[in-house]
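Everything on this sheet refers to the single structure shown next.
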Amino acid sequence: QVQLVESGGGLVQAGGSLTLSCAASRSIFSINFMGWYRQAPGTWRELVASITSGASTNYADYADSVKGRFTISRDNAKNTVYLQMNSLKPEDTAVYYCKARVDGRVYWGKGTLVTVSS
């Protein structure tokens, strides 16, 4: 079982930056897939960024809407996955969720709210 806790959300002006953190309750070394999703009111929960561990490297993927602005990374020593968000836009406003998938099971955090003002 993996427990995920997101933090780092808040209110920021358009053009600003925030870094979100997803802290896992145990080592994430063996968790090969972790991702960030977001959901705005009245919308589907959508994938923002994911990071998949390979044999010797990590592969990151991003939604078209955030490419060039967001960066996902993981620090196995700290059991934490990060989402660095730059050049934020009002349309980035949403609750951001952390997801982990391992051994056929999916785990979700409870979310952290990001609000970007115009």
Side-chain angles (χ1 to χ4, degrees):
Q1 186 175 3
V2 181
Q3 295 175 349
L4 306 172
V5 180
E6 303 96 334
S7 63
L11 176 64
V12 65
Q13 291 185 337
S17 299
L18 281 176
T19 299
L20 305 182
S21 299
C22 173
S25 61
R26 67 169 179 84
S27 174
I28 63 171
F29 181 80
S30 62
I31 303 177
N32 68 333
F33 178 90
M34 300 196 75
W36 285 97
Y37 294 71
R38 68 186 182 188
Q39 185 171 17
T43 70
W44 304 107
R45 186 174 299 184
E46 301 288 349
L47 176 66
V48 176
S50 65
I51 186 163
T52 304
S53 297
S56 61
T57 188
N58 294 321
Y59 175 79
D61 197 15
Y62 300 91
D64 289 341
S65 60
V66 307
K67 286 181 178 177
R69 299 189 297 120
F70 291 11
T71 302
I72 187 171
S73 63
R74 60 190 293 167
D75 188 336
N76 291 340
K78 296 181 178 180
N79 299 335
T80 302
V81 176
Y82 302 95
L83 184 67
Q84 176 66 50
M85 306 184 295
N86 298 321
S87 302
L88 284 163
K89 304 175 181 179
E91 51 263 44
D92 295 320
T93 296
V95 177
Y96 284 72
Y97 298 90
C98 182
K99 175 185 176 180
R101 182 172 63 233
V102 61
D103 296 332
R105 297 185 179 93
V106 176
Y107 303 92
W108 290 94
K110 295 181 179 179
T112 185
L113 176 63
V114 173
T115 303
V116 184
S117 62
S118 61

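Note that the structure is predicted; figures quoted are calculated from it, not measured.
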| Hey, are Gln13 and Ser117 close enough side-chain-wise for a donor-acceptor pair under 3.5 Å? | no
| message | Using the rule that Ile, Leu, Val, Met, Phe, Trp and Tyr join whenever any side-chain heavy atoms are under 4.5 Å apart, tell me whether Val102 and Phe29 fall into a single cluster. | response | no
| task | Working to the nearest 0.5 Å, report the span between CG of Asn76 and OG of Ser30. | result | 9.0 Å
| Please walk me through it: do Leu47 and Lys99 pass side-chain contact (heavy atoms from CB on, under 4.5 Å)? | CA-CA 10 Å; Leu47 176 66; Lys99 175 185 176 180; over 6 Å; no
| Between Arg74 (side chain) and Ile28 (backbone), is there a donor-acceptor pair under 3.5 Å? | yes
| What heavy-atom pair brings Lys67 and Tyr62 nearest, and what distance separates the two atoms? | CE-O, 3.3 Å
| According to a 4.5 Å side-chain heavy-atom criterion applied to Ile, Leu, Val, Met, Phe, Trp and Tyr, with indirect links allowed, do Val114 and Phe70 form part of one hydrophobic cluster? | yes
| said: Closer than 4.0 angstrom, basic N to acidic O: yes or no for Asp92 and Lys89? | reply: no
| field | Nearest non-hydrogen partners of Gly35 and Ile72, listed with the distance | value | CA-CD1, 4.3 Å
| field | Asn58 to Ser53 - nearest heavy-atom pair and separation | value | OD1-OG, 3.2 Å
| Looking at side-chain heavy atoms only, is the closest gap between Leu4 and Met34 below 4.5 Å? | yes
| query | So, for Val2 and Tyr107, which heavy atoms are closest and what is the spacing to 0.1 Å? | reply | O-CD2, 3.3 Å
| request: For the pair Trp108 and Tyr37, name the ring-plane relationship: parallel under 30°, tilted 30 to 60°, perpendicular over 60°. | output: perpendicular
| Would a distance-only check, ignoring hydrogens and angles, find a side-chain to backbone donor-acceptor pair under 3.5 Å from Tyr82 to Thr71? | no
| Side chains of Asp61 and Ser50: closer than 4.5 Å at any heavy-atom pair? | yes
| Rounded to the nearest 0.5 Å, how far apart are CD of Glu91 and OG of Ser118? | 10.5 Å
| query | Taking the side chain as C-beta and beyond, is there a heavy-atom pair between Met85 and Val66 under 4.5 Å? | reply | no
| message | Do Val5 and Trp36 land in one hydrophobic cluster if side-chain heavy atoms of ILVMFWY residues count as linked below 4.5 Å? | response | no
| query | Under the 3.5 angstrom rule, does the side chain of Arg69 hit a backbone N or O of Ser87 as a donor-acceptor pair? | reply | yes
| Smallest separation among heavy atoms of Ala49 and Leu83, with atom names | CB-CD1, 4.1 Å
| Are Phe33 and Tyr59 connected, step by step, through hydrophobic side chains (Ile, Leu, Val, Met, Phe, Trp, Tyr) whose heavy atoms are closer than 4.5 Å? | no
| said: Show the nearest heavy-atom pair for residues Asn86 and Ser17, with the distance to one decimal. | reply: OD1-OG, 2.9 Å
| message | Strictly distance-based, threshold 3.5 Å: is any side-chain N or O of Gln39 a donor or acceptor partner for the main-chain N or O of Ala94? | response | no
| task | Indicate yes or no for a side-chain donor-acceptor contact from Gln84 to the backbone of Thr19 under 3.5 Å, with no hydrogens or angles considered. | result | no
| query | Leu20 and Val116: same hydrophobic cluster, using ILVMFWY side-chain contacts below 4.5 Å? | reply | yes
| What's the spacing between Ile51 CD1 and Ile31 CD1 if we round to 0.5 Å? | 12.5 Å
